[in-house]
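The basis for the numbers below is simple: all heavy atoms, side chains too, and nothing from hydrogens, waters or symmetry mates.
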Amino acid sequence: MTLAWILFYLPIAMAAANQLVLRRNPLVPYLATAACGVCFVISLLLLGANGTTGFSWAHIGGLDIHIALKLDHLSTGMMVVVTGVGFLVHVFSLAYMKEDESVNRYFCGLGLFMFSMTGIVLSENFIMMFIFWELVGLSSYLLISHWYHKDSAADAGKKAFLCNRLGDFSFMIGVLLLWGISGSLGFEGLRTWANDGGVAAAPATLLGVAILCIFGGAVGKSAQLPLHVWLPDAMEGPTPASALIHAATMVAAGVYMLFRLQLSIGAEAFAGFAGTTIAWIGGLTALLAALMATQQNDIKRILAYSTLSQLGYMIMAVGLLAGEAGMFHLYTHAWFKALLFLGAGAIIYACHHQQDIWKMGGLLKKMPITTATFAAGTAALIAVPYVTSGFWSKEEILAAAYHGDKFLFSIATGVAFLTAFYMTRAFVVTFLGKPRSDDASHAHEVGPIMWVPLTILALLAILSGYHFASDLLNATRPEHIANTTVLIASIGTLILGFGTGFTLYRGRDKDPLSIPLFRERFYFDGIYDNFIVRYFQDAFAAIIHFLDELLINGLLVGGLSRGAVSLGNVFRKLQSGQLQGYTYAFGLGVILVVYFTVFL
């Protein structure tokens, strides 16, 4: 258990040392990377560990709050993903962020992010998880707005922070409701309560509301409808940080938390309106995000909407009472999505920070290693059958949808087609054809500090779905049940999506499709900015400002202060130093004394 505490404290200890002691030292990036590498090694050593270690933090009435680490099959497997992707992101960042003037602050932010996610994964109870849940929100704000001198980056950081606050408030309410129902906030305590018949005895409606409120936290962190709008804007941060956020940390936290809850209280607690709501929000998020991705031109935004869509898959699986399928897809998705984002970072770096795919092209010959690794990530994302990890995990989600809700299965099948279509579009436009700009013409292969992490992730994108790899890394994997209909749908949508995308975009210099609804992201951002913010937030702020100025400042604070000043002015005139004034005051005092003595 000592190793678990080292794993827990090392990221924050190194981040604090780098920020407070070694703030301007050029060794900070290397020390941070070494610390993350040590965490990865410890995570490998902890595979198979089982147990809980911790201490009592606070005792209030009947509530005993613990800071405790829980090691089991789920947490140790998830830690390998978090630290593995985190270490490769650190290594990649050594080259990508080399010229950044605030590189030490960036690596400090990465360390805080790793500490926050480690706390979520290893938490033994909901109170501790909520503390680190908030720290993840802070970490994301710091990394997304790393280049805060840019208005777009500063606004994106605030947007992410505020959207997550809404989800976190719902999460807190849900946790308190669950505590009121079960009397416990620890995951083992909840499991005991459920095994003793607590779920069956609890009011079904109240329990469903508690689960949905807790799910609200996942809506914020994992960017589900309607709080999805922050995630694409998070692309304003450095690309390696985007890889960390999208692959193994922040957005994965919501899925992980829901599955941990499902393991604790049992999948049957999700049956009914709570599970149905979760499944449909996940399915609709997957569909709408995939449609948005088909009309994006920024390579990072394409991948961002892809992440939204794949997260919708995972959330849908949890709602369909197939959380194992969702967690397995989270595990495989982490490797190939980190690969795609870091591959996009290599492309952006080589193309002088150009992000528009229509100003790229011809990179196949100029960047062969990046092309090959990006192709492996694309193949995993579109689920090339029997070859890539994405096929094995996506197949389980499609099977869960097929057995759970045929309409959701049709939506999931449509998302599979759209995924193959927009990723083929992105690959063909970016790598094939001829260069469409000077940036693309002068591109060249990145150095080994960048392409070595890409190569490692490419291997994992292919192999991590096989039993020998997933068993070795403690991945949560459901028992596979072959289904011919699901297999035909999976292969058919792949062929149709790839064929349509390749035929439509091969040799094109501009997009032959123009669908404003998809390009403008279903106008969600416009609705929020022009109606929610302007007519609710701004109007409410104006009312508060009016009341503040009129009542508080004008009448209460200002009125009392002006009254005190006026009264003071009256007495000040009596203290003028002139004899006639004092005589007048003395005479008035005598008259008042006589009056009150004789007549009252």
Side-chain angles (χ1 to χ4, degrees), residues 85 88-100 235 238-244 246-247 293 296-304 306-307 335-382 384 387-388 390 420 422-462 498 501-502 505-511:
V85 172
L88 294 174
V89 166
H90 274 73
V91 173
F92 188 92
S93 298
L94 291 176
Y96 190 90
M97 300 294 291
K98 179 176 59 177
E99 304 298 330
D100 191 89
M235 298 303 96
T239 304
S242 300
L244 193 61
H246 283 251
Q296 302 304 309
N297 297 328
D298 186 318
I299 189 170
K300 290 176 67 176
R301 281 188 175 268
I302 294 171
L303 298 178
S306 170
T307 300
W335 305 115
F336 61 73
K337 188 51 63 71
L339 167 61
L340 289 170
F341 265 106
L342 293 184
I347 294 166
I348 294 167
Y349 185 86
C351 293
H352 308 286
H353 297 280
Q354 177 59 253
Q355 296 184 197
D356 190 340
I357 61 173
W358 292 104
K359 294 182 180 179
M360 298 177 185
L363 299 182
L364 173 61
K365 297 179 180 179
K366 296 178 178 296
M367 305 178 69
I369 299 176
T370 301
T371 303
T373 55
F374 200 92
T378 301
L381 179 55
I382 67 177
V384 173
V387 177
T388 62
Y422 67 71
M423 286 308 300
T424 301
R425 169 185 181 262
F427 188 87
V428 169
V429 174
T430 301
F431 293 99
L432 304 186
K434 60 182 181 180
R436 302 184 194 87
S437 68
D438 290 338
D439 294 325
S441 298
H442 296 98
H444 55 82
E445 188 59 82
V446 294
I449 296 181
M450 288 190 183
W451 64 253
V452 167
L454 295 180
T455 304
I456 295 172
L457 287 169
L459 292 174
L460 288 167
I462 301 298
F498 175 81
F502 189 82
Y505 288 96
R506 183 184 181 188
R508 297 282 188 171
D509 291 328
K510 62 179 182 179
D511 200 331

Nearest 0.5 angstrom please: [X] [atom1] to [Y] [atom2], how far?
X: K300; Y: Q355; atom1: NZ; atom2: CD; value: 5.0 Å
X: K337; Y: S242; atom1: NZ; atom2: OG; value: 12.0 Å
X: F341; Y: L454; atom1: CZ; atom2: CG; value: 13.5 Å
X: I348; Y: T239; atom1: CD1; atom2: OG1; value: 4.0 Å
X: C351; Y: D438; atom1: SG; atom2: CG; value: 11.5 Å

Please determine whether a side-chain nitrogen of the Lys or Arg among D509 and R436 lies less than 4.0 Å from a carboxylate oxygen of the Asp or Glu.
yes
Looking at side-chain heavy atoms only, is the closest gap between T370 and I347 below 4.5 Å?
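Sidechains of I347 and T370: in contact.
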Side-chain contact test, heavy atoms from C-beta onward, threshold under 4.5 Å: evaluate it for T371 versus F427 and give yes or no.
yes
Is it true that atom NZ of K359 has more than 12 heavy atoms of other residues, nucleotides or ligands lying nearer than 6.0 Å?
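Incorrect, the count does not exceed 12.
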On a heavy-atom basis, which atom in [X] and which in [Y] lie closest, and how many Å separate them?
X: L381; Y: S306; result: CD2-OG, 3.2 Å
X: A376; Y: A458; result: CB-CB, 4.0 Å
X: L303; Y: A344; result: CD1-CB, 3.9 Å

Are the side chain of [X] and the backbone N or O of [Y] linked by a donor-acceptor pair below 3.5 Å?
X: K366; Y: A443; answer: no
X: E445; Y: I369; answer: yes
X: Q354; Y: M360; answer: no
X: T378; Y: F374; answer: yes

Taking the inter-plane angle between the rings of Y349 and H353 on a 0 to 90° scale, is it parallel (under 30°), tilted (30 to 60°) or perpendicular (over 60°)?
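Taking H353 first and then Y349, their aromatic rings stand perpendicular (interplane angle over 60°).
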Per the side-chain hydrogen bond (donor to acceptor under 3.5 Å, both in side chains) rule, what does the pair list look like for residues 424-434, sequence neighbours excluded?
N297-R425, R425-Y505, R425-D511
